[in-house]
There are 2 protein chains.
Amino acid sequence: MPARRTARERVRAEITREITDIARAQLASDGAAALSLRAVARDMGMVSSGIYRYFASRDELLTALIIDGYNAIGEAVENADAACRRDDYPGRWRAACRAARAWAVAHPHEYALIYGSPVPGYQAPPDTIGPAARSAAVFGRLISDAFAAGGLIPLPGRSPVPNGLAEDAGRLRDSVLPGVPDEVAIGMLTALSGVFGMISFELFGQFNNVVTDTAAYYDRGAADLARLIGLTA
Amino acid sequence: MPARRTARERVRAEITREITDIARAQLASDGAAALSLRAVARDMGMVSSGIYRYFASRDELLTALIIDGYNAIGEAVENADAACRRDDYPGRWRAACRAARAWAVAHPHEYALIYGSPVPGYQAPPDTIGPAARSAAVFGRLISDAFAAGGLIPLPGRSPVPNGLAEDAGRLRDSVLPGVPDEVAIGMLTALSGVFGMISFELFGQFNNVVTDTAAYYDRGAADLARLIGLTA
DNA sequence: TCCCGTGGAAGAGCGCTGCTCTTATTCGTG
DNA sequence: CACGAATAAGAGCAGCGCTCTTCCACGGGA
């Protein structure tokens, strides 16, 4: 391939971008199931079959949007964490949690696309696993930092992590949670599931008629979950 | 209306049941988005427009399946709890959590329908809120029982529940958590979000390449979450 | 017992979808 | 300039939800 991008390649990249932009707009306004290649094509003034020059199928377009979504929420969480004092571990946790929820509330359909029920028949390609880990990595880093600085006070009376999970904990240590003990690594999974569980419950309507001030509740819940891994405000 | 059901009413009820049965089978095998009124009609050997005599729209059929799903998981959780010794509160918690996950793993598409991203354009009708609360009610009852029996040991150093949440806590007390203090009621929400968050993460693929023995991890996570409300094994 | 109204079944049809294939055109490079 | 590759356009297929109209059969009141 030429180092200099040809004009054709440039226009191709531009059209590809335009397709994903319009698709994202449709996704944001009507949700994933209502996303239609034909409607995207209409919006761009091209014929529907033309889209297939750029995306082999609807699923492939969805995959592009999924990757975008993971990157967007990951970036939001990264920025929130970066704005905190490095040694304010509870503050970093709170900021990261708030950023995740804020992004989700602002982009509910994109959140549903990446953290909701998978599109049936859709198999996540490996391209998504990198971006998917981006926000988790932020949480992992701040917990590792807190542990290294002695900022984690373990809950009393915790039973040891069962054998079958030690391997998973080791893999987590190698990727996003350097240096932490098994029970912190496994606890981190539960805290993260809890954080995204709260967001999903809110966005998917499970908290309707139950929680009124969802933002206040979320802060409280996130703080409680942080205690699971010994992070106390 | 006559007390004695007419023959017409009986056959109508039977056909309605057959439609939901076939629809549930399709849902189980291919997911909600692939559920098609025409396919259901084909399976029953009737013409597609005939379905509309029994369900006004695809959404209405989905609503019936959603209610069924809530009832099914609710019943599973109820049975699991009922099989435990009444005063074994950690055991009841564990059994209820395991039942919820077991049902979800056995019926992933139905789980996705009720706890995953809502079908776009679909607004949950009020008929669903009763069944939706059924499994939560089991968790609430066992926590209330545990509290009344002095079986909850609060985590140390917990800050009081903020004012905005006291009202929500009161509503929870009146419905599914009689007698418990605010912090238990709010903690219960987080524990439940966490439990279903773990299930969703597992079913929706977020734990792929992260957790291998998901059942063992789930037990551990559920136990950790129980500690949030002071329930220790 | 007849009779008519109601509930149901069937079919055609509209506009939409994803996707494929064929044909025509444009564009960049050798 | 000419050729080959990339793109655009259009027709078409099968399926979808949903509507409407037509027809039939059953069953309760006269």
Side-chain angles (χ1 to χ4, degrees), chain A residues 1-20 22-23 25-27 29-66 113 118-123, chain B residues 1-20 22-23 25-27 29-66 113 118-123:
Chain A
M1 67 174 99
R4 169 87 170 76
R5 298 198 318 168
T6 74
R8 223 174 209 159
E9 276 172 332
R10 251 183 296 124
V11 73
R12 180 179 180 84
E14 181 150 336
I15 291 185
T16 304
R17 226 187 81 81
E18 189 179 348
I19 292 176
T20 57
I22 293 181
Q26 289 199 1
L27 170 63
S29 72
D30 293 321
L35 192 156
S36 131
L37 286 185
R38 292 182 113 109
V40 172
R42 263 195 306 273
D43 274 20
M44 318 187 36
M46 83 192 295
V47 93
S48 75
S49 60
I51 301 279
Y52 289 86
R53 294 257 151 221
Y54 301 90
F55 293 92
S57 69
R58 184 176 178 275
D59 276 3
E60 200 168 281
L61 177 55
L62 272 183
T63 299
L65 295 179
I66 287 174
L113 182 62
V119 183
Y122 173 82
Q123 192 64 285
Chain B
M1 70 176 94
R4 171 86 169 75
R5 299 197 317 169
T6 74
R8 229 175 206 159
E9 275 172 332
R10 250 184 295 125
V11 72
R12 179 178 182 86
E14 182 150 336
I15 292 185
T16 304
R17 227 187 79 82
E18 190 180 348
I19 292 176
T20 57
I22 294 182
Q26 288 199 1
L27 170 64
S29 72
D30 293 321
L35 192 157
S36 130
L37 286 185
R38 291 181 115 111
V40 172
R42 260 195 309 274
D43 274 18
M44 323 188 30
M46 85 193 294
V47 92
S48 75
S49 59
I51 302 279
Y52 289 86
R53 293 255 155 223
Y54 301 88
F55 292 93
S57 69
R58 184 175 178 275
D59 276 3
E60 201 169 278
L61 177 55
L62 273 182
T63 299
L65 295 179
I66 288 175
L113 181 63
V119 184
Y122 173 83
Q123 192 63 285

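Each chain gets a letter, A, B and so on, in the order the sequences are listed, and its residues count up from 1.
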Checklist line | Residue-level proximity of residues 47-56 of chain B to DNA chain C when a heavy atom falls under 4.0 Å | finding: B/V47, B/S49, B/R53, B/Y54

Check: In whole Å, what is the span from the CD atom of A/E14 to the C1' atom of D/dA6?
Finding: 17 Å

Note to self: side-chain contact (heavy atoms from CB on, under 4.5 Å) for B/L37 and B/Y52? Distances and angles first, verdict last.
What the structure shows: CA-CA 9 Å; B/L37 286 185; B/Y52 289 86; 3.1 Å; yes

Next item on the list: Could you check how far CZ of A/R58 sits from C1' of D/dC16, rounded to whole Å?
Entry: 13 Å

Note to self: From CG of B/L37 over to P of D/dC18, roughly how many Å is that when rounded to an integer?
What the structure shows: 6 Å

Checklist line | Whichever of B/I15 and A/R42 has its nearest DNA chain C nucleotide further upstream toward 5' | finding: B/I15

Check: Using a cut-off of 4.0 Å on non-hydrogen atoms, how would the nucleic acid contact of A/L61 be classed: base, sugar-phosphate, or nothing?
Finding: nothing

Notebook entry, point to check: Looking at A/R53 and A/R12, what are the two nearest heavy atoms and their distance?
Noted result: O-NH2, 2.7 Å

Next item on the list: Determine the minimum heavy-atom distance between A/Q26 and A/L35, stating which atoms define it.
Entry: OE1-CA, 4.2 Å

Next item on the list: Whole angstrom is fine here: how far is it from CZ in B/R12 over to P in D/dG27?
Entry: 15 Å

Note to self: If you assign each of A/R38 and A/M46 to its closest nucleotide in DNA chain D, which residue comes earlier from the 5' end?
What the structure shows: A/M46

Item checked: Contact interval (first through last nucleotide) of DNA chain C with protein chain A, 4.0 Å heavy-atom -> C/dT17 to C/dT29

Note to self: Please report the interatomic distance CG(A/L113) to CG(A/L62), rounded to the nearest 0.5 Å.
What the structure shows: 6.0 Å

Margin query: Less than 4.5 Å apart, side chain to side chain, heavy atoms only: is that true for A/L61 and A/T20?
Written below: yes

Notebook entry, point to check: Between CD1 of B/I15 and CE of B/M46, what distance do you get to the nearest 0.5 Å?
Noted result: 6.0 Å

Checklist line | Note, B/R42 side chain near B/R38 side chain (heavy atom, < 4.5 Å) | finding: yes

Item checked: Shortest non-hydrogen contact from A/A32 toward A/R58 -> O-NH2, 2.8 Å

